[in-house]
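For reference, the structure is listed below as C-alpha cells.
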Amino acid sequence: MYESFFGFDEKPFSLLPDPGFLFMSKKHRQALAMLEYGLMNQAGFTVITGEIGAGKTTLVRQLLGQIAKNLEVTVGLVSNTHRSFGELMQWVLYAFKLEYRGKEKVELYQTFAEFLTREYESGKRTVLIIDEAQNLSLEALEELRMLANINADKDQVLQLVLVGQPGLRDMLRTPELEQFAQRIAIDFHLQTLELQETCEYIRHRISVVGGDHELFEAPACVAVHYYTKGTPRLINVLCDTALVCGFAEQRKAIDADLIHDVVRDKTVGGIVPAWEASDQGDSVVTDIHAAKKKQDQANWSDNK
C-alpha cells in the first residue's frame, strides 16, 4: 500500500517472524549465543524465556536456518503446545515426520526412542525445539524429562530447547519440577529493547527494505519506545500504522505528533494494544525532549 511512496522493497514492520529482519540487539545476541552454545555442547535442556512479542520466535527461526546447514543434526519444531491440540508425544513424532496415528502413549514413546537410536547410530544428534512452551502442563514437562533419560554412553542422544513466555520460567521454579529444573544446563531471559535500541531497531528495519533510515524522526522513535516499552511486536504494529497514516497524509517523514495521533485513534477505536493511551500529553512531550537531549549528547542519533 505505502511501499512505493516511501521507496520500500517490502513492508518493513511485518508481524511475521522473519529472520531477514532480525535486529541483533545486545540481548538478542546473547540469547542466540546461549542457544548456539547449548547445541554445540550437547546441553540436555536449554530454556529461553521472554516477554510477549520480544522476538523469541524470530530467534528460533534464525537458529533453525543455521542448524539446516549442519548435516549432523536432525531438528524438530513443536509450536502447538496447548492441551486442546492433543497429546504432546503426537506432536513430537509429527515434528520429525514419524507415524503417530492410532498409537497408544507407550507406542508413541517407543517409536520415538527407536528413532533417536537410529539417528545416534548414523552419527546424528537430535534436537527438539518447543516454542510457546509456557502452555505445557506439568505432566507434559515431566514427559519431556523422561525423554531426556534416553542416553547412550556419555553422549546426549536428545537435546531439548524450550522457548516461552515468563510463565514458563515461573512454572519451572515450582517444587513439582525441581528434578526438571536441575537438568537445565542453559537458560536466558530475553528482555525488551531500551530506548536507544528501539531507535536502532526502527532504523534497521527501514534500511533492510531500502528506505531512508531517518524516515522516523528521533522524537518519533522516542514516542514509539514510550508507548511500546520496547516490545518489538508492538513497535511493528505502531510503526506500520504510522506509515499507513503518513502515506494517507502524503508525509515524507514520521514525527512524534503522528505517533501520538495514531495511539489516540487506536484508543478511541476501542482496541488498545499493550501500549499506554496517553492522557498525560505534557509528560510525554517532556520525556521526549529529555530523551532527545540525552540522545544528542550520546551521539547516537541523526549523525549515525
Side-chain angles (χ1 to χ4, degrees), residues 1-23 25 52-55 58 192-296 298 300-304:
M1 179 178 181
Y2 54 67
E3 291 92 322
S4 59
F5 177 76
F6 290 114
F8 300 156
D9 298 327
E10 58 181 304
K11 290 179 61 175
F13 297 104
S14 171
L15 295 181
L16 297 176
D18 186 348
F21 284 94
L22 181 60
F23 172 67
S25 70
I52 298 173
T58 305
T192 55
L193 302 176
E194 297 175 1
L195 172 58
Q196 176 178 344
E197 292 172 328
T198 297
C199 297
E200 293 172 349
Y201 174 89
I202 294 171
R203 289 168 176 163
H204 166 76
R205 295 188 73 105
I206 292 291
S207 296
V208 168
V209 298
D212 181 1
H213 72 279
E214 295 182 352
L215 173 62
F216 279 74
E217 296 178 355
C221 294
V222 176
V224 170
H225 178 79
Y226 174 84
Y227 287 117
T228 65
K229 302 298 183 289
T231 302
R233 185 180 299 162
L234 293 180
I235 294 172
N236 288 356
V237 172
L238 184 50
C239 287
D240 183 66
T241 307
L243 288 172
V244 173
C245 293
F247 167 69
E249 298 177 10
Q250 297 292 287
R251 297 192 183 200
K252 289 298 183 180
I254 306 299
D255 59 21
D257 288 338
L258 181 59
I259 300 298
H260 298 320
D261 290 342
V262 168
V263 172
R264 291 190 190 101
D265 289 344
K266 281 188 170 289
T267 303
V268 172
I271 302 177
V272 186
W275 58 62
E276 297 178 4
S278 175
D279 56 1
Q280 300 174 338
D282 293 340
S283 175
V284 178
V285 172
T286 301
D287 290 344
I288 289 172
H289 286 307
K292 179 62 168 62
K293 181 177 180 180
K294 181 179 180 181
Q295 170 183 328
D296 291 338
W300 52 264
S301 62
D302 297 330
N303 293 326
K304 195 162 184 176

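The CZ atom of Arg205 sits 9.0 Å away from atom CG of Leu22, with the distance rounded to the nearest 0.5 Å. Atoms CD1 and CD, on Ile254 and Glu214 in that order, are 14.0 Å from each other to the nearest 0.5 Å. With values rounded to the nearest 0.5 angstrom, Thr241 atom OG1 is found 12.5 Å from Asp261 atom CG. Between the CZ atom of Arg251 and the CG atom of Leu243 there is a distance of 12.0 Å, given to the nearest 0.5 Å.
Between Phe216 and Phe13, the ring planes lie perpendicular to each other; the angle is over 60°, past the 30° to 60° tilted range. The aromatic rings of His204 and Phe23 are tilted relative to each other, their planes meeting at an angle between 30° and 60°.
Closest of all the heavy-atom pairs between Glu197 and Glu194 is OE1-N, 2.8 Å. Scanning all heavy atoms of the two residues, the minimum distance from Gly53 to Pro232 falls at O-CD, 3.2 Å. The heavy-atom pair separating Cys221 from Cys199 by the smallest distance is CB-SG, 3.3 Å. The minimum heavy-atom distance linking Leu258 with Cys245 is given by the pair CD1-CB, 3.9 Å. Gly20 approaches Asp18 most closely through the heavy-atom pair N-OD1, 2.8 Å. Scanning both residues, His260 and Ala223, for their nearest heavy atoms gives CE1-CB, 3.9 Å.
In this structure the side chain of Cys239 reaches within 4.5 angstrom of the side chain of Ile202, judged on heavy atoms. Using a 4.5 Å heavy-atom cutoff, the side chains of Thr198 and Tyr226 are not in contact.
With Glu3 contributing its side chain and Met1 its backbone, the two residues share a donor-acceptor pair below 3.5 Å. A side-chain donor-acceptor contact under 3.5 Å links Gln250 to the backbone of Phe247.
Within a 6.0 Å sphere centred on CG of Leu15, other residues, nucleotides and ligands contribute more than 12 heavy atoms.
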Please walk me through it: do Leu193 and Ile235 pass side chain to side chain contact (heavy atoms under 4.5 Å, CB included)? CA-CA 10 Å; Leu193 302 176; Ile235 294 172; 4.1 Å; yes
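Scanning for side-chain hydrogen bond (donor to acceptor under 3.5 Å, both in side chains) contacts around Thr231 gives an empty result, with sequence neighbours left out. With sequence neighbours excluded, the residues that form a side chain to side chain contact (heavy atoms under 4.5 Å, CB included) with Val209 are Phe8, Glu10, Pro12, Phe21.
A cation-pi arrangement, defined by a distance under 6.0 Å to the six-membered ring centre and an angle within 45 degrees of its axis, is absent between Lys229 and Tyr227.
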